[in-house]
Novice: 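Sharing a structure here in structure tokens format.
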2 protein chains.
Amino acid sequence: MSQIQRADARSNRDRVVAAAREAFASAGLEVPMREVARRAGVGVATLYRHFPTRTELVATVLAERVDDCTVQVRRALDDPDPWRALSGVVREFAERQIHDRALNEALLGPGEVSAAFQRERREHAQALNVLVVRARAAGVLRDGVDADDVRAGLLAIASLRRLPAATSARVIGRVADLVLAGIRA
Amino acid sequence: MSQIQRADARSNRDRVVAAAREAFASAGLEVPMREVARRAGVGVATLYRHFPTRTELVATVLAERVDDCTVQVRRALDDPDPWRALSGVVREFAERQIHDRALNEALLGPGEVSAAFQRERREHAQALNVLVVRARAAGVLRDGVDADDVRAGLLAIASLRRLPAATSARVIGRVADLVLAGIRA
DNA sequence: CTGGAAACGGAGCAGGCGTTCCGCTGTGGG
DNA sequence: CCCACAGCGGAACGCCTGCTCCGTTTCCAG
């Protein structure tokens, strides 16, 4: 019913997405289209047949990553310990940044790219709000700390991904600790 | 004895530096050379005669900004109140980032550019160390916080400059508060 | 005032990017 | 098995960048 496209086309599309995912994660979003095509073992035309514009390819790959983050926050809602839930989200987010160079650009990139994720971001924000409200009710947050503070902390962690790789991991870890110390009662 | 160059050459050099300073601050370091030349009211060749390569122009402009930061930390050494001195450095640094888009790239940019400031960075680090040691002696720092934590916090603040201008100011302010709360006893 | 060196401006070059065009290839329904 | 056509690869286009070349203008010492 669905197979309008040939089997080899479908397989090539998958290889392109896989190559883009890997390339973006390790080298950042500015990897040239030619390079993605080369890694996928296809010609540039094939790449453009599946993704008519660079932005669409980027959006497709980033959608997966952004979803990962939302899923992670949702999962934290199941944790009965409010502080462990919230601090786990911050720490795991930091961990993700260390291993995936593309993710931070989904959150920081100039409108064009990140505008596509408004819905995902809202879902992420809502789940995070719940975590913050619970933590606040449990009295583990410093007075005056709200969800925007936590989001600002996450953004700060994400931004650090631009540092030279040699130091970014260490700095991200320190900032994550700093953010947690900054929101805790 | 020194005027080996003509008066108009000297004046053009000044205009180029001024134009670059302004352009970098408002639009970021990736402003094209043509655009800097246009703003300065000179041809590109004139620009290249004074700065043989783009990197040299960038380094010249950034050197001023980086110096500003070092001077500011040195001045804080005169403050008798250790917490006010340290927190003032963090806040003023945040303020600078909000108003100058170029500064963060001096600290974050890939080696090529930022490597030129190793000496300045060491001086900055030494002065900051003194502030941290004093604050620690005064007992206003949380246990385990060291100068690297403060530096990591400053880097986090600097990195945020890449956010869309509309939100970056607010987020930078929140993160600065978060960092201060995170290091305070 | 004048001439030659210093300085100038902008067209032009090389190279990298995203994207398109088009002649060929190989898949899969009949 | 076969051939129409979906799908392919890579050369080529247009644009933008950093940087250079060279004929022309401007300064200023004598």
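Below, read A as the first sequence line, B as the second, and so on, with proteins coming before strands; counting in each chain starts at 1.
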Novice: Quick one: label Val42(A) by what it contacts on the DNA or RNA (base, sugar-phosphate, nothing), any heavy atom closer than 4.0 Å.
Specialist: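 Result for Val42(A) = sugar-phosphate.
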
Novice: Test your reading of the model: is there a side-chain donor-acceptor pair from Arg134(B) to the backbone of Leu77(B), 3.5 Å cut-off?
Specialist: yes

Novice: How close or far is atom C1' of dA11(C) from atom OH of Tyr48(B), stated in whole angstroms?
Specialist: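 Value for this atom pair: 15 Å.
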
Novice: On the nucleotide dG18(D), are OP1 or OP2 found under 4.0 Å from the side-chain N or O atoms that Arg54(B) carries?
Specialist: yes

Novice: Starting from P on dT20(C), measure out to CG on Leu47(A) and report it in whole angstrom.
Specialist: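 My rounded result for the distance is 12 Å.
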
Novice: Take atom CZ of Arg10(B) and atom C1' of dC28(D), then tell me their distance rounded to the nearest Å.
Specialist: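 It is 19 Å, rounded to the nearest whole Å.
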
Novice: Would you say the side chain of Arg6(B) and the base of dA6(C) hold a donor-acceptor pair, judged only by whether the two atoms sit under 3.5 Å apart?
Specialist: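 Donor-acceptor pair under 3.5 Å: yes.
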
Novice: Nearest-Å distance, CG (Leu57(B)) to P (dT17(D))?
Specialist: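 In whole Å, dT17(D) P lies 15 Å from Leu57(B) CG.
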
Novice: Does this structure show an ion pair linking Glu123(A) with Arg119(A), if we count only N-O contacts that are shorter than 4.0 Å?
Specialist: yes

Novice: Let me know the distance between CZ of Phe51(B) and C1' of dC8(C), rounded to the nearest Å.
Specialist: 16 Å

Novice: Go nucleotide by nucleotide along DNA chain D from the 5' end; which of Arg49(B) and Asp8(B) gets its closest nucleotide reached first?
Specialist: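 Taking each residue's closest nucleotide, the earlier one in sequence belongs to Arg49(B).
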
Novice: Looking only at N and O atoms, is any donor in the side chain of Arg34(A) or the base of dG16(C) less than 3.5 Å from an acceptor on the other one?
Specialist: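 Under the 3.5 Å cut-off, the side chain and the base do not form any donor-acceptor pair.
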
Novice: Starting at CZ of Arg15(A) and ending at C1' of dG9(D), how long is that distance when rounded to a whole Å?
Specialist: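 One finds 13 Å between C1' of dG9(D) and CZ of Arg15(A), rounded.
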
Novice: If only side-chain N and O atoms of Thr53(A) are considered, is one of them under 4.0 Å from the OP1 or OP2 phosphate oxygen of dT19(C)?
Specialist: yes

Novice: Among dG7(D), dG18(D), dA7(C), find the nucleotide with the atom closest to the side chain of Pro32(B).
Specialist: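 So the side chain of Pro32(B) is nearest to dG18(D).
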
Novice: So, does His50(B) get its side chain near the phosphate of dC8(C), meaning an N or O under 4.0 Å from OP1 or OP2?
Specialist: yes

Novice: Which nucleotide in the list dA7(C), dC21(D), dT20(C) gets nearest to the side chain of Ala45(B)?
Specialist: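 Of dA7(C), dC21(D), dT20(C), dC21(D) is nearest to the side chain of Ala45(B).
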
Novice: With nearest nucleotides of DNA chain C determined for Pro52(A) and Gly43(B) from heavy-atom distances, which residue corresponds to the more 5′ nucleotide?
Specialist: Gly43(B)

Novice: I would like to know whether Glu35(A) and Arg39(A) meet side-chain contact (heavy atoms from CB on, under 4.5 Å); could you show each step before the answer?
Specialist: CA-CA 6 Å; Glu35(A) 172 67 12; Arg39(A) 290 205 197 199; 3.3 Å; yes

Novice: It should be established whether Asn12(B) places a side-chain nitrogen or oxygen under 4.0 Å from OP1 or OP2 of nucleotide dC8(C).
Specialist: yes

Novice: Are Gln72(A) and Arg96(A) close enough that some pair of their side-chain heavy atoms sits under 4.5 Å apart?
Specialist: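 The answer is yes, as the side chains (C-beta and beyond) meet within the 4.5 Å cut-off.
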
Novice: Gln5(A) CD to dG29(C) C1': how many Å, rounded?
Specialist: 17 Å

Novice: How close or far is atom P of dG10(D) from atom CE of Met33(A), stated in whole angstroms?
Specialist: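 After rounding, the gap between these two atoms is 17 Å.
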
Novice: Nearest 0.5 Å please: distance from the CD1 atom of Ile157(B) over to the OG atom of Ser168(B).
Specialist: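 The distance works out to 12.5 Å.
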
Novice: Within the structure, does a side-chain N or O atom of Thr46(B) lie under 4.0 Å from either OP1 or OP2 of dA7(C)?
Specialist: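 Thr46(B) to dA7(C) OP1/OP2: no side-chain N or O under 4.0 Å.
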
